[in-house]
Amino acid sequence: MVVAFAILAAWELVTAAGVVAFRRPIYNALALVANMLGLAVLFLILNAQFLFAAQVIVYAGAVMVLFVFIIALLNPASDLTLGRAGNEWIYGLVFGVIFAALLGGLLFNRGLTGRQGASTPEAINAVGNVQALGAALYTKFLFPVEVASVLLLIAAVGAVYLAMRRIR
Amino acid sequence: MPPAYLFLLLSGALFTMGAVGFLVRRNPLVVFMCIELMLNAVNLAFAAESRFLNSLDGVVFAFLVITVAAAEVVVGIAIITQVYRAGRQMDVDGLDLMKE
């Protein structure tokens with residue numbers, strides 16, 4: 001398990017660097033697909049099988065297909081024509097180092113403390129991962145789920161409106 | 001099982017890389033991908049919380065984050081496509097019409 005985590009962590013860091021650093025948007029998108037698939041396997045290690053499926057279907061499937069489709073539709077080489085924007089990236093790097101140092105100092109060797117719930121992996125696997133999550137979604141978290149469904153509807157209507165609108 | 005803080009550190013590292021990309025990159029599509037990277041990092045932290053505190057709340061929140069991210073991507077890409085069709089170049093620094 002530890003070896004798998006080490007390999008996956010390295011995979012995640014490398015592909016995330018690819019998302020940030022590649023010059024062509026299509027390579028960024030492919031690196032992000034690899035990143036999301038690695039993250040899905042990390043969810044499996046964390047005993048979240050439903051999140052694994054949702055990550056693969058929604059993110060690596062639907063969202064990234066949309067990205068790749070739009071990149072193919074628009075100009076794929078557009079970022080190359082922009083050129084390096086002076087030395088702006090140095091400020092980004094300085095910010096990243098400071099932010100990472102703060103986060104690392106905060107999180108290093110610190111466990112997760114808090115009230116332990118009843119959903120141990122054994123208890124979840126006894127009823128099934130999706131069943132346990134569905135029971136939580138439609139009882140304790142019913143209102144957030146309804147709000148999310150309304151949000152999805154609004155987003156779909158908004159996207160259709162934006163796509164139909166004629167630009168002068 | 002690796003200790004919990006390793007998952008949180010990995011999540012923090014991914015979030016930092018996404019934030020740096022968000023600040024550095026100028027193509028709006030790549031900026032969007034960096035936002036997705038940050039959302040994914042937070043999802044990892046939520047899933048780790050769920051596993052190590054024996055609670056399903058983190059998984060539910062990660063699921064809601066995935067939902068909101070999908071909605072956000074749909075609207076965002078529609079806007080980017082419209083901006084592109086209006087003849088502007090693919091550069092977030094060029095979109096300063098609302099500055100005046």
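We name chains A, B, ... by the order of the sequence lines, and we start the count at 1 in each one.
- For B/Leu53, the parts sitting under 4.5 Å from any heavy atom of chain A are the backbone and the side chain alike.
- With hydrogens and angles ignored, the 3.5 Å screen pairs a side-chain donor or acceptor of B/Gln82 with a backbone N or O of A/Leu162.
- Top candidate by heavy-atom pairs under 4.5 Å with chain A, chosen from B/Val60, B/Val20, B/Leu6, is B/Val60.
- In the displayed structure, B/Phe61 atom CZ is contacted under 6.0 Å by at most 12 heavy atoms of other residues, nucleotides or ligands.
- The greatest number of non-hydrogen atom pairs below 4.5 Å with chain A, out of B/Ala48, B/Ala4, B/Gly18, is found for B/Ala48.
- The CG atom of B/Leu10 sits 6.0 Å away from the CG atom of A/Leu42 when rounded to the nearest 0.5 Å.
- For CZ of B/Phe22, the number of neighbouring non-hydrogen atoms (other residues, nucleotides, ligands) closer than 6.0 Å is 12 at most.
- When every heavy atom of B/Val74 is checked against every heavy atom of A/Ala155, the shortest pair comes out as CG1-O, 4.1 Å.
- Chosen from A/Pro121, A/Ala156, A/Ala123, the residue pairing most often with chain B at heavy-atom distances under 4.5 Å is A/Pro121.
- Put simply, the side chain of A/Val20 does not reach to within 4.5 Å of the side chain of B/Val24, judged on heavy atoms.
- A/Leu74 and A/Leu30 fall into different hydrophobic clusters, where Ile, Leu, Val, Met, Phe, Trp and Tyr side chains are chained together by heavy-atom contacts under 4.5 Å.
- Annotation: side chain of A/Phe141 is in contact with side chain of B/Asp57 (closest heavy-atom distance under 4.5 Å).
- Nearest heavy atoms, A/Tyr59 versus B/Leu39: OH-CB, 3.8 Å.
- Neither the backbone nor the side chain of A/Tyr91 comes within less than 4.5 Å of any heavy atom in chain B.
- Tracing side-chain contacts under 4.5 Å through hydrophobic residues (I, L, V, M, F, W, Y), one never reaches B/Ile77 starting from B/Val68; they form parts of separate clusters.
- To the nearest 0.5 Å, atoms CG (B/Leu23) and CG (A/Leu93) are separated by 11.0 Å.
- When every heavy atom of B/Arg25 is checked against every heavy atom of A/Val19, the shortest pair comes out as NH1-O, 4.1 Å.
- In the hydrophobic clustering of this structure, B/Tyr84 does not group with A/Val160; members are Ile, Leu, Val, Met, Phe, Trp, Tyr whose side-chain heavy atoms approach within less than 4.5 Å, directly or through other members.
- By number of non-hydrogen pairs under 4.5 angstrom with chain B, the leading residue of A/Leu8, A/Val147, A/Val145, A/Leu13 is A/Leu13.
- In this structure, no portion of A/Ala6 lies under 4.5 Å from any heavy atom of chain B.
- Put simply, the side chain of A/Ile154 does not reach to within 4.5 Å of the side chain of B/Val75, judged on heavy atoms.
- Annotation for A/Leu51 and B/Ala62: closest pair CD1-CB, 3.6 Å, computed over non-hydrogen atoms.
- For the set A/Leu39, A/Val58, A/Val63, A/Asn35, the entry with the most heavy-atom pairs within less than 4.5 Å of chain B is A/Leu39.
- Contacts between A/Ala31 and chain B at a heavy-atom distance below 4.5 Å are absent for every atom of the residue.
- Hydrophobic clustering (ILVMFWY, side-chain heavy atoms < 4.5 Å, transitive): A/Phe50 and A/Leu142 are in one cluster.
- For A/Ala118, the part lying under 4.5 angstrom from a heavy atom of chain B is the backbone only.
- Both the backbone and the side chain of A/Leu46 come within less than 4.5 Å of a heavy atom in chain B.
- In this structure the side chain of B/Thr16 never reaches within 4.5 angstrom of the side chain of A/Phe95, judged on heavy atoms.
- Contacts between B/Thr67 and chain A at a heavy-atom distance below 4.5 Å involve backbone atoms as well as side-chain atoms.
- Closest approach of B/Phe7 and A/Ile45 over heavy atoms only: CZ-CG2, 4.1 Å.
- When each of A/Ala9, A/Gly104, A/Ala48, A/Ala4 is checked for heavy-atom pairs under 4.5 Å with chain B, A/Ala9 comes out on top.
- The shortest heavy-atom contact between B/Glu36 and A/Met36 is CB-CE, 4.1 Å.
- Transitive grouping of hydrophobic side chains (ILVMFWY, heavy atoms separated by less than 4.5 Å) brings A/Leu44 and B/Ile66 into a common cluster.
- With respect to chain A, the highest number of heavy-atom pairs below 4.5 Å among B/Ala71, B/Ser55, B/Gly76 belongs to B/Ala71.
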Stepwise side-chain contact (heavy atoms from CB on, under 4.5 Å) check, A/Gln55 with B/Asn40
CA-CA 9 Å; A/Gln55 176 87 5; B/Asn40 272 329; 3.2 Å; yes

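- Here the OG-CG distance, from B/Ser11 to A/Leu103, works out to 8.0 Å after rounding to the nearest 0.5 Å.
- Atom CD1 of A/Ile124 sits about 4.5 Å away from atom CG of B/Leu56, to the nearest 0.5 Å.
- Taking chain B as the reference chain and counting heavy-atom pairs below 4.5 Å, the highest number among A/Phe99, A/Phe67, A/Phe43 is found for A/Phe67.
- A distance of 11.0 Å separates CG of A/Leu107 from OH of B/Tyr5, quoted to the nearest 0.5 Å.
- Heavy atoms closer than 4.5 Å to chain B are found in the side chain of A/Leu32, but not in its backbone.
- Residue contact with chain A, scored on non-hydrogen atoms closer than 4.5 Å, involves the backbone and the side chain of B/Leu29 alike.
- To the nearest 0.5 angstrom, A/Asn47 atom CG is 9.0 Å from B/Ser50 atom OG.
- The most heavy-atom pairs under 4.5 Å with chain A, out of B/Glu49, B/Met17, B/Met33, come from B/Met33.
- In this structure, chain A has heavy atoms under 4.5 Å from both the backbone and the side chain of B/Leu9.
- With a threshold of 4.5 angstrom between heavy atoms, A/Ala16 approaches chain B through its backbone and through its side chain.
- Both the backbone and the side chain of A/Ala29 have a heavy atom closer than 4.5 Å to some heavy atom of chain B.
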